[in-house]
Visitor: 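Below: one structure in structure tokens.
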Amino acid sequence: MKRAILSVLLLFAFLTGFAQNRNICRLGITYDISQSDHWGKGKPVITSVIPYSPAELAGVKTSDIIIAIDGVQTTDISPEEIGEMLNPAGKNEVLLTIGNLATPAKQVLVKKECKKGNAITEEQLATAFSMYSLETTSEREFVCPFKTTVTADPVDFGKFKTFAFSAIDENNSKLETAINESIEKELTKKGMTVDTDRPDIIVQTFYFFDKNPNYKGANKILVEKEPIYRYNFNHSKMETFPFLNSMSAEAEAEYLLQFGFRLIDQRDVPGRILWECEANELLEDSYRLDEYARIHAPLMCMQYPYVKYQRNVPFKVNQKTYNYTGLSYDIDRMEQVADVDKNSPAYAAGLRPRDIVEKINDKKMNHTAEEFSAAYKGFITNTMKYRDPKTRFTDVNGFKRCMFWDTFKYPQVADAIQKSGNKAAYSYLYYYAPYINPSGNNACTFDIKRGKNKMEIIVRPTIRRSVTVEVK
């Protein structure tokens, strides 16, 4: 576990922060230096914003262009200098000038969040111990068969602020209205507005669904076919779909589906296609086009205005729901509190840095990272019989036996958590869940030692929920 936890910590530092004076500081963003002629060329473009981070609190969004840092234009400095300026020595905040489809430039003040270099947070521990609660916490990937094309002209998509839809086919008015509503919702979220009089862009949709005339039957060799999962924004979860994977032959598909839309220039060169995304799916069962549009329009629009992939777009989904008390632990001595967030449940309850946590909910903490690791791996192996095979999926690390708990076996799971040999102290991160704590009481008991004094402190955590979906 120590190696696993350290890898999580180092990844956290690499992606979202910077080591400085034995502290790790972060704004909470990842970015690319754009090579696109259409969006932020030569400037940092935000590719993800970490939930509950300073950047999210400041209002920074995915696809925002960082135009300047503390007044210095990002095109005037090197990528290395950009990294240094995002973590200025001796300063606790950074003034970013950002641009997006809603505004050409605005300033946001982002305060750095710093943790001790040896501290591991509950957010990181929730990932490290996610097998306690895959229902709420997992990292997964999926690929959509999208083909995305953009104009060869070096035109700035930021100039196009308004849009309207092409005329609806009266024979399919209900379907096309539903499709247009799905696309309109996504474009307006990006800051664009509808203007039916003089739009900068016309949105034109196209679609097809029918039986495959060349269908020859399913491949019988694939006895245990892994289900196709994708993220459904409408339901805020991963779901299975009746699609065949990219390795399947077209003759194996009983149905064919095509759906796409293009953004056509009306502002500068009328009729020019600025951006287009098309999906072609092989299906083993019937599927509604309006439902396909509702689920996939948000995924397609994630590549507008910043396109990373022209074909087969890979997505990463990080779902996390866990108990937040505000504690961070010493990576070298897991029972010691390294830090306590101010204004957190743990701070309000009286926990402080350097406190020694002897027990959490009667589970001992005096174990090394290696001992926690061995016990956690044993717990995973020994409790596989309590999981539901119908929920099986592969996580981002390639572990193919991820499954939710069988709802009929929650009592056995809770009993396994209580066994001292499983060293499941960090299961408190999921203490609100019935398979961890059947009582339904989410108050956590911390037995601590402070100097020569011992005390019992009751902490009532906040349940933190977050979902990030990003183009890899």
Side-chain angles (χ1 to χ4, degrees), residues 134-135 138-148 172 174-176 178-179 181-183 186 205-261 276-303 309-317 319 387-396 398-404 406-407 469 471-472:
L134 289 172
E135 288 81 349
S138 64
E139 290 182 286
R140 301 167 70 169
E141 295 176 343
F142 65 94
V143 177
C144 286
F146 299 158
K147 177 185 176 184
T148 308
N172 292 299
K174 186 176 180 180
L175 171 61
E176 293 200 5
I179 290 173
E181 286 174 352
S182 299
I183 297 169
E186 297 308 312
T205 64
F206 53 95
Y207 50 86
F208 168 86
F209 179 80
D210 208 344
K211 278 185 171 274
N212 180 5
N214 300 315
Y215 176 58
K216 295 181 179 179
N219 186 349
K220 301 301 182 183
I221 298 175
L222 298 176
V223 178
E224 191 178 352
K225 181 175 70 69
E226 188 167 348
I228 298 297
Y229 284 95
R230 292 181 190 168
Y231 188 76
N232 185 338
F233 280 93
N234 300 303
H235 298 160
S236 300
K237 65 179 182 178
M238 295 287 286
E239 294 180 347
T240 56
F241 294 89
F243 307 141
L244 300 181
N245 64 42
S246 59
M247 304 301 291
S248 302
E250 183 178 309
E252 297 173 37
E254 189 171 356
Y255 297 89
L256 302 176
L257 181 150
Q258 181 190 65
F259 170 72
F261 61 100
E276 178 180 306
C277 187
E278 172 186 324
N280 287 283
E281 301 277 9
L282 306 176
L283 292 90
E284 58 187 2
D285 204 351
S286 182
Y287 200 78
R288 291 174 47 158
L289 272 165
D290 57 344
E291 186 67 11
Y292 187 90
R294 272 193 290 269
I295 292 168
H296 290 81
L299 296 168
M300 290 172 146
C301 286
M302 287 179 68
Q303 286 228 114
Y309 298 94
Q310 293 182 332
R311 288 182 179 272
N312 297 327
V313 183
F315 295 91
K316 180 178 178 181
V317 182
Q319 293 180 282
R387 297 187 184 271
D388 183 356
K390 295 191 296 294
T391 64
R392 183 169 175 171
F393 66 90
T394 301
D395 71 5
V396 74
F399 185 63
K400 295 181 179 296
R401 299 186 65 199
C402 293
M403 293 175 275
F404 296 168
D406 187 327
T407 54
V469 184
V471 177
K472 279 186 62 182

Visitor: Nearest 0.5 Å please: distance from the CG atom of Leu257 over to the CG atom of Leu289.
Guide: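 Going from the CG atom of Leu257 to the CG atom of Leu289 covers 5.0 Å.
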Visitor: With side-chain contact (heavy atoms from CB on, under 4.5 Å) as the test, would you mind laying out the steps for Phe142 and Leu299 before giving the verdict?
Guide: CA-CA 11 Å; Phe142 65 94; Leu299 296 168; 3.9 Å; yes
Visitor: Quick one: pull up CZ in Phe259 and CZ in Phe206 and give me the separation to the nearest 0.5 Å.
Guide: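 Spacing of CZ (Phe259) from CZ (Phe206) equals 8.5 Å.
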Visitor: Start with the C-alpha distance between Asn245 and Ile228, add both sets of side-chain angles, then the distance that settles side-chain contact (heavy atoms from CB on, under 4.5 Å), and finish with yes or no.
Guide: CA-CA 7 Å; Asn245 64 42; Ile228 298 297; 3.9 Å; yes
Visitor: Where is the tightest heavy-atom contact between Glu141 and Val396, given as atom of each residue plus distance?
Guide: OE2-CG2, 3.0 Å
Visitor: Are the side chains of Leu282 and Leu256 in contact, using a 4.5 Å heavy-atom criterion?
Guide: yes
Visitor: Is the Tyr287-Phe243 ring centre distance short of 6.0 angstrom?
Guide: yes
Visitor: Looking at Glu278 and Asn280, what are the two nearest heavy atoms and their distance?
Guide: OE2-ND2, 2.6 Å
Visitor: Are Arg311 and Lys147 close enough that some pair of their side-chain heavy atoms sits under 4.5 Å apart?
Guide: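 Result yes, sub-4.5 Å side-chain heavy-atom pair found.
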Visitor: Within the structure provided, determine whether Val313 and Val471 are in side-chain contact (heavy-atom separation under 4.5 Å).
Guide: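 Result yes, sub-4.5 Å side-chain heavy-atom pair found.
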Visitor: For Ala297 versus Ser182, what's the shortest heavy-atom pair and its separation?
Guide: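 Taking Ala297 first and Ser182 second, the nearest heavy atoms are CB-CB, 4.1 Å.
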Visitor: Start with the C-alpha gap between Gln303 and Cys277, add the side-chain angles, then the distance that decides, and say whether side-chain contact (heavy atoms from CB on, under 4.5 Å) holds.
Guide: CA-CA 9 Å; Gln303 286 228 114; Cys277 187; over 6 Å; no
Visitor: Evaluate side-chain contact (heavy atoms from CB on, under 4.5 Å) for Ile295 paired with Arg230, printing each intermediate quantity in order.
Guide: CA-CA 9 Å; Ile295 292 168; Arg230 292 181 190 168; 5.7 Å; no
Visitor: If you round to the nearest 0.5 Å, how far is OG1 of Thr391 from CE of Met238?
Guide: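 Rounded to the nearest 0.5 Å, the CE-OG1 separation comes to 13.0 Å.
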Visitor: Give, for atom OH of Tyr207 and atom CZ of Phe261, the distance between the pair rounded to the nearest 0.5 Å.
Guide: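 Going from OH on Tyr207 over to CZ on Phe261, the span is 15.0 Å.
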Visitor: Is a side-chain N or O of Thr240 found less than 3.5 angstrom from the main chain of Pro227, in a donor-acceptor match?
Guide: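 The answer is no, because no donor-acceptor pair under 3.5 Å joins these two groups.
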Visitor: If you compare all heavy atoms of Met403 against all heavy atoms of Arg387, which two are closest, and at what distance to 0.1 Å?
Guide: O-NH1, 2.8 Å
Visitor: Give a yes or no answer on whether the side chain of Asn212 reaches the backbone of Glu250 with a donor-acceptor pair at less than 3.5 Å.
Guide: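 Answer holds: yes.
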Visitor: Kindly say whether Phe399 contributes a backbone atom to a donor-acceptor pair with the side chain of Asp395 at under 3.5 angstrom?
Guide: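 Checked: pair present.
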Visitor: If you measure from CD on Glu281 to CG on Leu283, what distance do you get to the nearest 0.5 Å?
Guide: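 With rounding to 0.5 Å, CD (Glu281) is 6.5 Å from CG (Leu283).
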Visitor: Which heavy atom of Asp290 sits nearest to which heavy atom of Leu175, and what is that distance?
Guide: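 In this case the closest contact between Asp290 and Leu175 is N-CD1, 3.5 Å.
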Visitor: So, taking the atom named CZ in Arg294 and the one named CD1 in Ile179, what distance separates them when rounded to the nearest 0.5 Å?
Guide: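 Spacing of CZ (Arg294) from CD1 (Ile179) equals 9.5 Å.
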Visitor: Just checking, is any N or O donor in the side chain of Tyr231 or Gln319 under 3.5 Å from an acceptor N or O on the other one?
Guide: no
Visitor: Heavy-atom count check: over 12 atoms from other residues, nucleotides or ligands less than 6.0 Å from Glu291 CD?
Guide: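 It does: Glu291 CD has more than 12 such atoms within range.
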Visitor: Who are the ring-ring contact (aromatic ring centres under 6.0 Å, His included) partners of Tyr229, not counting sequence neighbours?
Guide: none
Visitor: Verify, without hydrogens or angle tests, whether Arg392 (side chain) and Lys400 (backbone) share a donor-acceptor contact under 3.5 angstrom.
Guide: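 Yes.
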Visitor: What are the two closest non-hydrogen atoms of Ser286 and Tyr255, and how far apart are they?
Guide: N-CE1, 3.6 Å
Visitor: Give me the ring orientation class for Phe393 and Phe404: parallel if the planes are under 30° apart, tilted from 30 to 60°, perpendicular past 60°.
Guide: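 Geometry flag for Phe404 against Phe393: perpendicular rings.
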